[in-house]
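In what follows, every chain begins at residue 1, and chains take the letters A, B, ... in the order their sequences are listed.
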Amino acid sequence: MSEAGAHTPAEASSADAAQARAEENTGTQEDAASLDGDAPRLSVSTEMQRADDAQIVEPTGAQLSVRARARLTQLLVGKSIVEALFVSALAVAFIYHAFSPFFRGSVDSAENGAVVGWVVDESRPGARVEVQLYIDGHFAGRGRADQYRPDVRAAGRAADEFHGFKLQLPPLPAGAHEAHVYAVHASGGGQRITLQQVDKVAHFNVPSNEMSKTVPAEWWATQGQP
Amino acid sequence: MSEELSFRSQPTNLVAPGARALLLWEIASVVSSALIAEWIVLALTDWKLALVVPVGLACALMLMSKRAHGETRRELGLRGDNFWRACRLLALPMTGSAILLALVGRFWFGVAPTLGRGRAGWALLGVPVWGFVWGLFQQYALQAFINRRLQMFWGTGWRTTFVVAVLFALLHLPNPWLMAATFLGGLIWAAVYQRAPNLWALALSHAVMTWVLVSTLPAVALGGLRVGYKYFG
């Protein structure tokens, strides 16, 4: 049996199909071998094979006209495009909702035992944003940006003066530290919470004086999680 | 069983290369739609209506493809004349599978079979009724579409049966016990469909086996029959 690729027309001719079926019906070993290729043969006798042939339902509809094939190809391409656009739109919508692009804020200082700054949710200018403080990658406290900051309003960044925050630093060992302040954003009906960093990382030093303390190892274990 | 053991392959080598590639593309397209629904839509949104897009596109493709291939309802298996023959072919492997599931439940998980796993009244009927409707849809996609196109590509036989079962199991990732069960079911249903294409019998079998599955294995093992991203909670 010739390979499918040997057929010069776009699809195999019906004459070829008829010939193949005629060959198949003769029940010769040759036709069985060529049709089966290297597929597993579990039946051993020709009689059994003939019985099987009567039982196995051969699929029809493999032959497609050029027009039908072109239409099907267009459909598949169209479906792929629609699905790609759909998945992209879904991804953008997810990112838009899960990671709000509307937070604006600043970490002004991290000294004297506190991290000070402001944050505004421009999509809800009247709302007070919840913030979380992380020191050296460990949760160190939470608060609300609802403190008086007239300069923020004066700069045109907020509709009112109450968007400042002041988060107390925990006892820290002497040396260099990093403070990350995150705005808390809920989405998915409250099922999903994301943290978005406010401004840049604030670097600060705790000097070796009476203000600094050696932090017990338990602090990180007990305070290290929100 | 002897009927299934005597299964042999008949590659359809009368199809032009372009058409053969198209058959694989059709299968890949429907499988990808299912994976998009399971792994992307359900992961990125709680808006269940969004599932309409990939599922609707897959259904549209299957229907248009049916028309393009000139397949009749009878050829697809929506018929009654071979219902009992399909049931006869299904009976033995289904019984064997049910016993196997009961043994796995008993000796692996240490639970005895419970009818409907604690459900009562109408809820007890809910599993097979819903299983039939959902099973008919799944069997249409799996057998009347994927199996038939693989038969057009490779012919009937164990290779086609195996690939259908693998695809069916893959669509139930990452739920391990459900994957094992669907692989076994996929083998049985694909083999029976090739010998007696009857979707009503397969849907009935699907419903019964789903009911057997939830009655023999603990809900914890089955992960609430969840698949895709939702499996993780």
Could you walk me through whether B:Arg149 and B:Ser65 pass side-chain hydrogen bond (donor to acceptor under 3.5 Å, both in side chains), step by step?
CA-CA 10 Å; B:Arg149 269 137 199 79; B:Ser65 172; 2.9 Å; yes
If you apply the rule side chain to side chain contact (heavy atoms under 4.5 Å, CB included), what do you find for A:Phe139 with A:Gln132, and how did you get there?
CA-CA 8 Å; A:Phe139 177 74; A:Gln132 290 189 3; 3.8 Å; yes
Walk me through whether B:Leu171 and B:Val227 qualify under side chain to side chain contact (heavy atoms under 4.5 Å, CB included).
CA-CA 8 Å; B:Leu171 292 176; B:Val227 297; over 6 Å; no
Please determine whether side chain to side chain contact (heavy atoms under 4.5 Å, CB included) holds for the pair A:Arg149 and A:His163, giving the CA-CA distance in whole Å, both sets of side-chain angles, and the decisive distance to 0.1 Å.
CA-CA 6 Å; A:Arg149 284 291 298 262; A:His163 291 280; 5.7 Å; no
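Heavy-atom distances place the side chain of A:Leu75, and not its backbone, under 4.5 Å from chain B. Proximity to chain A (any heavy atom under 4.5 Å) is restricted, for B:Ile36, to the side chain, taken from C-beta onward. Heavy atoms closer than 4.5 Å to chain B are found nowhere in A:Ser187, neither backbone nor side chain.
Using a 30° and 60° split on the angle between ring planes, B:Phe183 and B:Phe162 fall in the perpendicular class, above 60°. Using cut-offs of 30° and 60° on the angle between ring planes, the pair A:His180 and A:Tyr182 is parallel. Using cut-offs of 30° and 60° for the angle between ring planes, the A:Phe99 and A:Phe94 rings count as perpendicular. Note: B:Trp130 and B:Trp134 have parallel aromatic rings, judged against thresholds of 30 and 60 degrees for the angle between ring planes.
For a heavy-atom cut-off of 4.5 Å, chain A lies close to B:Trp25, B:Glu26, B:Ser29, B:Val30, B:Ser32, B:Ser33 in residues 24-35 of chain B. Contacts of residues 48-56 of chain B with chain A at a heavy-atom distance below 4.5 Å involve B:Ala50, B:Val53, B:Pro54, listed in sequence order.
With chain A as partner, the option from B:Leu22, B:Asp46, B:Ile40 having the largest number of non-hydrogen pairs under 4.5 angstrom is B:Leu22. Contact tally against chain B (heavy-atom pairs below 4.5 Å) for A:Ile95, A:Leu76, A:Leu90, A:Leu72: the top residue is A:Leu76. Taking B:Val41, B:Leu57, B:Asn147 one by one and counting their heavy-atom pairs under 4.5 Å with chain A, the maximum is reached by B:Leu57.
The aromatic ring centroids of B:Phe168 and B:His172 lie less than 6.0 Å from each other.
A donor-acceptor pair is defined here as one N or O able to donate and one able to accept, closer than 3.5 Å; such a pair exists between the side chain of B:Gln194 and the backbone of B:Gly157. Judged by distance alone, with hydrogens and angles left aside, the side-chain atoms of A:Arg104 form no donor-acceptor pair with the main-chain N or O of A:Val120 at under 3.5 Å.
With B:His206 as reference, B:Trp189 is the one residue of B:Tyr193, B:Trp200, B:Trp189 to meet the ring-ring contact (aromatic ring centres under 6.0 Å, His included) rule.
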